[in-house]
Amino acid sequence: DRNGTLLFIEAMRRVPRRYEVRAVVRTHGTLPSPDPLRVEIVNGVRPFYYENYERRFDVQFLPRRYGGLCLPLNEASSCGIPSIMPDLAPQNALLPPGALVPASKAGELQLRARLDVFDASIPAIVEKIVELHTNPDLVAALSARADEYAESISWTRMKPRYEAALGALL
């Protein structure tokens with residue numbers, strides 16, 4: 001559960017019923033939905049990554065448990081969709097404070113190197129879901145920041161840096 005999908009699904013179960021919140025969870029595997037009226041599970045691989053963002057979503061919750069480079073963050077940002085992620089490096093250097101939720105170390109994972117594994121706080125995810133649901137101005141502000149981040153890593157802006165780095169290898 002590298003991307004914290006199970007943490008998010010559990011948080012959705014805990015959102016008070018008075019908030020009419022719905023989520024779509026896209027997965028390459030199969031997951032049962034604990035609450036089909038609130039959480040739609042879309043199983044399977046889509047042919048093109050951008051099809052994950054074909055519908056206009058308000059936010060993307062991605063309480064990743066470990067990792068570095070995060071293509072779903074970049075892809076969602078390119079669509080103006082803010083990502084809500086744990087307050088951990090590297091995303092806490094890329095995202096505004098309003099897009100972060102607390103997390104704590106939950107263990108370690110041995111790959112080629114030992115990696116720390118974190119769990120985002122489920123109550124904090126629930127709180128963030130409610131905060132965003134009740135504050136469309138915050139969602140709009142985070143969307144604007146997502147656009148800014150996407151522009152900062154756009155191909156137009158990054159192409160000269162990639163060309164210089166690759167040219168130095170020759």
Side-chain angles (χ1 to χ4, degrees), residues 1-17 19-46 49 52-53 55-111 114-136 138-143 145-147 149-150 153:
D1 190 28
R2 178 182 187 168
N3 285 332
T5 304
L6 299 177
L7 293 171
F8 176 74
I9 289 172
E10 179 59 28
M12 282 295 292
R13 280 188 353 89
R14 297 184 189 189
V15 173
R17 288 284 172 200
Y19 301 106
E20 294 183 18
V21 177
R22 285 203 26 84
V24 174
V25 174
R26 296 197 187 275
T27 176
H28 292 267
T30 57
L31 289 173
S33 177
D35 185 349
L37 297 177
R38 289 190 122 179
V39 179
E40 175 188 351
I41 305 293
V42 178
N43 297 311
V45 177
R46 301 181 73 87
Y49 74 88
N52 290 315
Y53 309 100
R55 288 180 19 198
R56 180 67 184 164
F57 295 110
D58 294 322
V59 296
Q60 169 178 253
F61 274 82
L62 199 57
R64 296 183 87 208
R65 303 186 68 226
Y66 60 91
L69 175 65
C70 182
L71 293 178
L73 165 64
N74 297 350
E75 293 163 0
S77 295
S78 73
C79 298
I81 300 171
S83 293
I84 308 303
M85 299 182 75
D87 188 1
L88 303 167
Q91 57 262 13
N92 60 5
L94 305 171
L95 299 175
L100 300 171
V101 294
S104 58
K105 187 173 176 180
E108 295 179 339
L109 178 65
Q110 181 65 48
L111 298 173
R114 188 171 298 280
L115 296 175
D116 290 337
V117 176
F118 295 86
D119 282 342
S121 161
I122 290 174
I125 295 171
V126 171
E127 186 177 309
K128 184 60 71 176
I129 291 168
V130 170
E131 178 186 19
L132 294 169
H133 178 72
T134 59
N135 191 343
L138 175 58
V139 174
L142 292 174
S143 179
R145 289 288 300 267
D147 284 332
Y149 171 65
I153 60 168

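- The shortest heavy-atom contact between A11 and V126 is O-CG2, 3.3 Å.
- Using a 4.5 Å heavy-atom cutoff, the side chains of P63 and I125 are in contact.
- Across A120 and L7, no two heavy atoms sit closer than the pair N-CD1, 3.7 Å.
- Enclosure of atom CD in E20 is not indicated, since only 12 or fewer non-hydrogen atoms of other residues, nucleotides or ligands lie within 6.0 angstrom.
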Would you please test Q91 and C70 for side-chain contact (heavy atoms from CB on, under 4.5 Å) and show each step?
CA-CA 9 Å; Q91 57 262 13; C70 182; 6.0 Å; no
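- Distance CZ/R2 to CG/L109: 9.5 Å, rounded to 0.5 Å.
- Remark: of the listed residues I129, V101, L95, L100, V101 is the sole one forming a side chain to side chain contact (heavy atoms under 4.5 Å, CB included) with I84.
- Distance check: I41 CD1 to R26 CZ gives 11.0 Å after rounding to the nearest 0.5 Å.
- To the nearest 0.5 angstrom, S77 atom OG is 11.5 Å from L71 atom CG.
- Using a distance-only test at 3.5 Å, with no hydrogens or angles considered, a donor-acceptor pair links the side chain of Q60 to the main chain of P72.
- When all heavy atoms of R22 and P36 are compared, the closest pair comes out as NH1-O, 3.6 Å.
- Of the possible polar contacts, one joining the T134 side chain to the V130 backbone as a donor-acceptor pair under 3.5 Å is found.
- Every pair passing ring pair (Phe, Tyr, Trp, His ring centres under 6.0 Å) that includes a residue from residues 58-78 is listed here, sequence neighbours excluded: F8-F61.
- Under a 3.5 Å cut-off, the side chain of K128 and the backbone N or O of M85 do not form any donor-acceptor pair.
- Between the side chain of D1 and the backbone N or O of T5 there is at least one donor-acceptor pair closer than 3.5 Å.
- Looking at heavy atoms from C-beta onward, N74 lies in side-chain contact with I153 at the 4.5 angstrom threshold.
- Checked by atom type and distance alone, the side chain of R38 pairs as donor or acceptor with a backbone atom of V15 at under 3.5 Å.
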Is there a side-chain contact (heavy atoms from CB on, under 4.5 Å) between N135 and V139? Walk through the geometry before answering.
CA-CA 7 Å; N135 191 343; V139 174; over 6 Å; no
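- Distance check: N3 CG to L62 CG gives 4.5 Å after rounding to the nearest 0.5 Å.
- Counting heavy atoms from C-beta outward, L132 and D58 have side chains that stay 4.5 Å or more apart.
- The salt bridge (charged side-chain N to carboxylate O under 4.0 Å, His left out) analysis of residues 81-107, with sequence neighbours excluded, yields the pairs K105-E108, K105-D116.
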Might you work through the side-chain contact (heavy atoms from CB on, under 4.5 Å) test for V42 and V25, ending with a clear yes or no?
CA-CA 6 Å; V42 178; V25 174; over 6 Å; no
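- Atom CD of E75 is surrounded by more than 12 heavy atoms from other residues, nucleotides or ligands within 6.0 Å.
- With sequence neighbours excluded, no residue forms a salt bridge (charged side-chain N to carboxylate O under 4.0 Å, His left out) with D147.
- Within the 3.5 Å criterion, the main-chain N or O of G80 finds a donor-acceptor partner in the side chain of S143.
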I122/R14 under side-chain contact (heavy atoms from CB on, under 4.5 Å): CA gap, chis, key distance, verdict:
CA-CA 9 Å; I122 290 174; R14 297 184 189 189; 3.8 Å; yes
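- A salt bridge links R17 with D35: at least one charged nitrogen is closer than 4.0 Å to a carboxylate oxygen.
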